[in-house]
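First comes the structure, then the notes that go with it.
Whatever order the structure lists them in is the order used to number ligands and atoms, beginning at 1. Being a predicted model, the structure only gives us computed values, none of them experimental.
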Amino acid sequence: MYDYFIIGQGLAGSLLAWKLIHAGKRILVLDNAHQHASSWVAAGLINPVTGMRMVKSPYTELWLQQANSCYQQIEDELEISIRHHLPMWRIFTNQKQLDAWQERISAPEYADYLEEATIDNNALPYHIKHGTGIIHHTGYIDTKQLLTAIKQWLVEHNSYLQVELDYDQVMVGDKLITLHDMQANNIIFCEGYRGTHNPWFKQLPLTPVKGEILTLQHEQPLPNAIINFGKWLLPINAKQFKFGATYDWANIDQVPTAKAKQHLLDALHKQLNCELDIQLLQHEAGLRPNSQDRLPLIGPHKQYPNMYCFNGFGSRGSLMIPFYAQHLLLHLLEHQPLDPHCHIDRFS
Ligand SMILES: Cc1cc2nc3c(=O)[nH]c(=O)nc-3n(C[C@H](O)[C@H](O)[C@H](O)COP(=O)(O)OP(=O)(O)OC[C@H]3O[C@@H](n4cnc5c(N)ncnc54)[C@H](O)[C@@H]3O)c2cc1C
């Protein structure tokens, strides 16, 4: 007998299970070995000031605070290193972006996040026509290492089952959820983009957006900073970096394509002002679980209050999920209301 079944061990299911087990709850996480996990493919970037207009959310401080404490706790307890702090250099590719930057940098709420660059642009291996700025509180989470370590930890806590969930096997009662010969008081769906097939939550505006990403090896030294010019370049060690990502709303599959690879390589070469001897190590594709308003989809089913959705983290899961896992935990355990901005009720 469990308190919660959690369906999916991406970043969402992993962090929620982590928190619920620490709160003394009996959990079973069911996952199909990350076959459909966008968390497995993600670069794990944390960037509080995003988009062409370079804006931060009103929730950014809360997101960062929880992300810092949650990843720190996991690192300390599991003795792993998953959070990497790296500054981000924002390269402006047109005058409009530079104008947006200048407007933001004089606003008090951005003071802690944005800094005028004192970098010698000529010393950088990139074409820079409209200037650069520095974004702080940035870095990345090594999501593959995180998922692998949490899976192992769940196994050690008898809280993991590798299986493909068949919705027909889920029997929903007033008080109990039955799955094969197992029972739980509640079930929480953390299925990422596959939530689009979920019969209980399929009315939610969850839109899968395909993304492709390259891991490249290089010989020349590159600055140890995330470079963002719309596309981003993320150094993962002295010789390798990730480069991405594409956005494709039309093809809902996880197949890496030659077209996207070429698109990314062309974008990289166009931005470089030197010959970089690069070798392709890996090319991956995944589907981001985007919501209509770019905010999470959290809340109980209208008819079955013991059935929850925890999804919709789009392209910002690494930054947002720790906060919303804590938010849902407080709702489940202390009956604190879910905030309307993330509650699925806003779409009913
Ligand atoms: C190319 C790319 C780059 C990205 N880069 C970043 C980035 O830099 N920073 C960032 O924050 N975010 C990034 N993202 C987005 C990020 O991946 C998501 O925000 C986040 O990982 C979503 O986590 P999740 O747990 O909700 O979903 P998922 O990671 O998709 O996890 C869902 C899990 O449920 C399992 N599952 C689903 N259905 C079933 C079933 N029926 N039975 C059993 N198991 C099931 C899946 O296999 C998977 O393991 C990127 C995504 C892509 C595709």
Side-chain angles (χ1 to χ4, degrees), residues 5-17 28-48 50 63 67 71 84 86 88 138-144 146-148 150-151 154 160-170 179 187-199 201 206 208-215 226 228 231-234 236 242-248 252-254 256 260 264 282-291 294-298 309-322 324-325:
F5 289 136
I6 293 182
I7 311 303
Q9 196 241 323
L11 215 44
S14 294
L15 298 189
L16 194 58
L28 186 67
V29 177
L30 295 93
D31 187 272
N32 58 11
H34 305 132
Q35 274 179 49
H36 305 96
S38 81
S39 307
W40 192 259
V41 174
L45 282 177
I46 291 193
N47 176 15
T50 55
W63 293 344
Y71 294 126
H84 302 274
L86 273 182
M88 179 179 283
T138 50
Y140 73 98
I141 303 300
D142 183 339
T143 52
K144 284 191 175 79
L146 174 62
L147 296 191
T148 305
I150 298 245
K151 176 176 171 181
L154 289 169
Y160 180 86
L161 184 64
Q162 188 167 310
V163 69
E164 172 72 36
L165 177 81
D166 176 354
Y167 297 119
D168 291 341
Q169 303 292 323
V170 180
L179 188 54
I187 186 165
I188 308 178
F189 290 100
C190 309
E191 307 157 283
Y193 86 92
R194 286 190 102 213
T196 48
H197 303 295
N198 186 310
F201 292 106
L206 185 68
V209 181
K210 183 175 178 179
E212 300 193 38
I213 186 171
L214 307 178
T215 306
I226 302 163
N228 181 346
K231 300 265 180 288
W232 44 258
L233 185 155
L234 168 66
I236 47 175
K242 292 196 180 213
F243 187 69
T246 57
Y247 282 79
D248 177 355
I252 307 306
D253 62 57
Q254 297 172 276
L264 288 171
Q282 202 174 15
H283 176 190
E284 294 166 283
L287 288 155
R288 304 171 182 91
N290 267 35
S291 74
R294 300 182 71 231
L295 287 167
L297 298 166
I298 305 174
C309 175
F310 187 61
N311 208 331
F313 297 102
S315 51
R316 293 189 288 181
S318 311
L319 174 59
M320 296 200 298
I321 291 171
Y324 291 102

Between the side chains of [X] and [Y], is a donor N or O closer than 3.5 angstrom to an acceptor N or O?
| X | Y | result |
| --- | --- | --- |
| Lys210 | Gln254 | no |
| Glu191 | Asn198 | yes |
| Asp31 | Gln9 | no |
| Thr246 | Glu212 | no |

Out of curiosity, Gln169 CD to Leu179 CG, how far, rounded to the nearest 0.5 Å?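 So the gap between those two atoms works out to 7.5 Å.
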Under 3.5 Å, N or O to N or O, is [X] touching ligand 1 that way?
| X | value |
| --- | --- |
| Gly314 | yes |
| Ile213 | no |
| Ser318 | yes |
| Leu165 | yes |
| Tyr193 | no |
| Gly317 | yes |
| His36 | yes |
| Glu212 | no |
| Gly8 | no |
| Leu11 | yes |

Side chain, backbone, both or neither: the part of [X] lying under 4.0 Å from ligand 1 by heavy atom:
| X | value |
| --- | --- |
| Val163 | backbone |
| Gln35 | backbone |
| Cys190 | backbone |
| Ser315 | backbone |

With Arg294 as the cation and Phe313 as the aromatic partner, state whether NZ or CZ is under 6.0 Å from the six-membered ring centre and within 45° of the axis.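 Negative - Arg294 is either too far from the ring of Phe313 or too far off its axis.
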For atom 29 (O) of ligand 1, tell me which residue out of Ala285, Ser14, Ala12, Ser39 has the closest non-hydrogen atom.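 Nearest option to atom 29 (O) of ligand 1, by heavy atoms: Ser39.
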